[in-house]
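Worksheet: one structure, shown below.
Quick caveat, the model's predicted, so the values are computed rather than measured. First the proteins, then the strands, lettered A, B, ... as listed; each starts at 1. Heavy atoms only: backbone and side chains are in, while hydrogens, waters and symmetry mates are out.
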Amino acid sequence: MEPLRGELLAWWERDGRHQIPWKLHPDGSRPGPGEPLAAYGIWVAEVMLQQTQLAVVLPYWHRWMAAFPDLGALAAASEHDVLMLWQGLGYYARARRLHAGARQLVAGAYPSGAAGHGDPWPRTLEGWMALPGIGRSTAGSILSSAFDRPFAILDGNVQRVLARLVAHPGPPKRELAGFWRLSETLLDPQRPRAFNQALMDLGAGVCTPRQPACGTCPWQPHCAAYAAGDPGRFPVKDTPPPVPFQVIGVGVVSDAAGRVLIDQRLPEGLLGGLWEFPGGKQEPGEAIEATIQRELREELAIEVTVGEELITLEHAYSHKRLRFVVHLCRWRSGEPQPLASQQVRWVAPQELSSYPFPAANARIIAALEARLAAG
DNA sequence: CAGGCGTGGAC
DNA sequence: TGTCCAAGCCT
């Protein structure tokens with residue numbers, strides 16, 4: 001075990017990522033073994049990093065820390081402001097859970113394990129996992145990063161590295177318990193922060209999903225997949241389920257004053273809590289104009305005249321693909337009702353930037369602005 | 001426990 | 001171009 005740890009850590013000292021801002025002291029210096037780091041920024045970062053690459057997270061993390069510099073600021077923030085800062089990052093339940101977790105921590109409503117004396121941060125796996133949106137891997141990552149405590153991690157990078165190390169014959173999802181044991185066995189109890197970060201950096205930069213750079217890998221002499229001659233074959237993947245495709249009719253409804261109608265989605269589920277232009281699924285054999293009229297009648301209780309097309313765009317979610325066919329509409333009658341949303345609102349086009357929208361709607365807004373600018 | 005849950009980078 | 005998939009969690 002010691003040789004593997006030493007070789008990985010030696011590689012990491014030379015080639016690891018050492019400029020990650022939340023893993024440094026405020027003055028930019030690296031923490032020594034056992035030295036604590038500020039837990040708040042690490043907690044925020046680890047949640048942002050769930051299923052999201054480091055380069056994507058960095059600008060979001062900096063904006064978030066400027067807006068909500070500490071736990072109290074986040075707990076006191078509105079959900080609207082929280083979603084504004086998360087807009088475009090995806091998996092929006094993470095933002096709502098981070099917000100709820102901040103309020104739990106401020107209220108002291110978490111299990112034992114914190115240091116006490118005004119320090120709200122848990123020191124145990126159970127303490128962190130009691131917070132919404134924190135599972136075992138994120139909890140282990142936070143505890144090792146912030147406090148240099150010996151807790152293992154098992155994200156996608158680590159699963160891939162370990163699956164190759166032992167040439168595991170099946171999908172890791174089916175044998176997670178064994179992978180957790182392996183991650184715990186390998187973990188360097190003297191330097192858990194550095195070891196976990198090294199393992200992730202190895203997966204992100206060397207032991208990559210495609211064309212791994214085995215020539216520079218510190219574990220190449222120990223790697224069963226390399227010995228088998230085909231490291232790219234691991235980890236073995238499950239066949240992904242088919243992704244459904246749907247056409248969505250969307251109305252950008254204007255009133256006589258030039259305001260447009262938007263609604264806030266329900267608090268849970270897909271894009272929960274974000275704002276959007278109203279619309280819905282096209283039914284078989286239905287013209288898209290009829291879809292838009294029907295959906296606005298069913299979900300908002302309004303009657304509109306469907307005008308020209310503004311834009312058609314395709315958007316892929318993790319579990320479905322949609323084509324949005326967006327038409328400009330004129331409001332005719334009916335006070336808009338939030339029959340399938342939290343609330344509806346008439347807003348001037350220049351006010352749209354103060355609402356959190358999902359990525360597909362941001363493209364619709366860009367098209368609308370271009371149309372308005374063109375007259 | 002299999003499926004819901006976003007977005008953009010990389011090739 | 002399409003396809004894969006990333007520092008997972010929740011139900």
Side-chain angles (χ1 to χ4, degrees), chain A residues 16-17 20 22-23 42-61 83 86-98 100-101 128-146 151-162 171-177 179-180 183 193 195-205 207-212 232 235 237-245 265-274 276 313-322 356-363:
Chain A
R17 297 176 288 187
I20 301 171
W22 49 86
K23 309 209 79 169
I42 289 174
W43 173 44
V44 171
E46 291 298 339
V47 173
M48 287 184 169
L49 285 163
Q50 290 168 0
Q51 295 287 282
T52 309
Q53 295 182 7
L54 174 63
V56 176
V57 162
L58 280 169
Y60 280 88
W61 185 84
L83 289 175
W86 206 274
Q87 181 179 9
L89 193 54
Y91 286 139
Y92 297 94
R94 294 183 296 173
R96 301 193 302 270
R97 290 168 185 156
L98 199 56
W128 279 103
M129 292 178 69
L131 292 173
I134 305 298
R136 182 174 172 187
S137 191
T138 301
S141 194
I142 293 171
L143 281 163
S144 59
S145 290
F151 293 96
I153 58 173
L154 191 60
D155 53 32
N157 282 321
V158 178
Q159 287 180 34
R160 184 173 58 256
V161 170
L162 300 186
K173 307 293 183 197
R174 307 291 179 81
E175 305 252 358
L176 279 186
F179 279 83
W180 271 110
S183 184
R193 170 193 284 145
F195 181 88
N196 280 343
Q197 187 61 47
L199 204 49
M200 287 189 283
D201 287 3
L202 187 70
C207 195
T208 51
R210 285 170 292 195
Q211 298 180 338
K237 294 173 289 290
D238 271 319
T239 60
V243 177
F245 178 84
R265 295 177 63 88
L266 295 174
E268 306 293 330
L270 182 67
L271 307 170
L274 276 72
E276 66 178 4
L313 54 91
E314 310 224 337
H315 192 82
Y317 298 94
S318 51
H319 58 299
K320 61 175 136 183
R321 292 190 307 116
L322 301 182
F357 284 92
N361 274 262
R363 295 179 60 190

| note | Sorted by chain and number, sequence neighbours left out, side-chain hydrogen bond (donor to acceptor under 3.5 Å, both in side chains) with Ser183(A) holds for none

| query | Arg136(A) versus Phe151(A): any side-chain heavy-atom pair under 4.5 Å? | reply | no

| said: What is the distance, to the nearest angstrom, from the CG atom on Asp155(A) to the P atom on dA7(C)? | reply: 6 Å

| task | Could you check how far CG of Leu202(A) sits from C1' of dA7(C), rounded to whole Å? | result | 14 Å

| request: State which of dA7(C), dC9(C), dC5(C) makes the closest approach to the side chain of Ser137(A). | output: dC9(C)

| request: List the steps, then state whether side-chain contact (heavy atoms from CB on, under 4.5 Å) holds for Tyr91(A) with Arg97(A). | output: CA-CA 11 Å; Tyr91(A) 286 139; Arg97(A) 290 168 185 156; over 6 Å; no

| task | Quick one: label Pro132(A) by what it contacts on the DNA or RNA (base, sugar-phosphate, nothing), any heavy atom closer than 4.0 Å. | result | sugar-phosphate

| task | Nearest whole angstrom, please: distance from the P of dC5(C) to the NZ of Lys237(A). | result | 5 Å

| Arg17(A) (side chain) and dA7(C) (base): donor-acceptor pair under 3.5 Å | yes

| task | Side-chain contact test, heavy atoms from C-beta onward, threshold under 4.5 Å: evaluate it for Gln50(A) versus Thr138(A) and give yes or no. | result | yes

| task | Would you kindly compare Ile134(A) and Ala45(A) by the position of their nearest DNA chain C nucleotide and give the one closer to the 5′ end? | result | Ala45(A)

| field | Pairwise side-chain contact, Lys23(A) with Arg17(A), heavy-atom cut-off 4.5 Å (strictly under) | value | no

| remark: Leu176(A) CG to dC1(B) P, in whole Å, measures 11 Å

| message | Between dG6(B) and dT11(C), how many Å separate the two P atoms, rounded to a whole number? | response | 14 Å

| query | Parallel, tilted or perpendicular: which describes the rings of His319(A) and Tyr317(A), with under 30° parallel and over 60° perpendicular? | reply | tilted

| Has Arg160(A) got a side-chain N or O lying under 4.0 Å from the OP1 or OP2 atom of dA7(C)? | yes

| Min side-chain heavy-atom separation Glu46(A)-Ser145(A) under 4.5 Å | yes

| request: Would you kindly give the CE-to-C1' distance between Met48(A) and dA6(C), to the nearest whole Å? | output: 16 Å

| Sugar-phosphate, base or nothing in reach of Glu314(A), heavy atoms under 4.0 Å | nothing

| field | Between P of dC5(B) and CG of Leu83(A), the distance in whole Å | value | 16 Å

| Atom-pair distance (CD1 on Ile142(A); P on dG8(C)), nearest Å | 13 Å

| request: Round to a whole Å and report the spacing from CG of Asp238(A) to P of dC1(B). | output: 14 Å

| message | Generate the contact string for nucleotides 6-11 of chain B. Rules: B means base contact, S means sugar-phosphate contact only, - means no protein heavy atom under 4.0 Å. | response | BB--B-

| field | Distance, P atom - from dC5(B) to dA7(C), rounded to whole angstrom | value | 23 Å

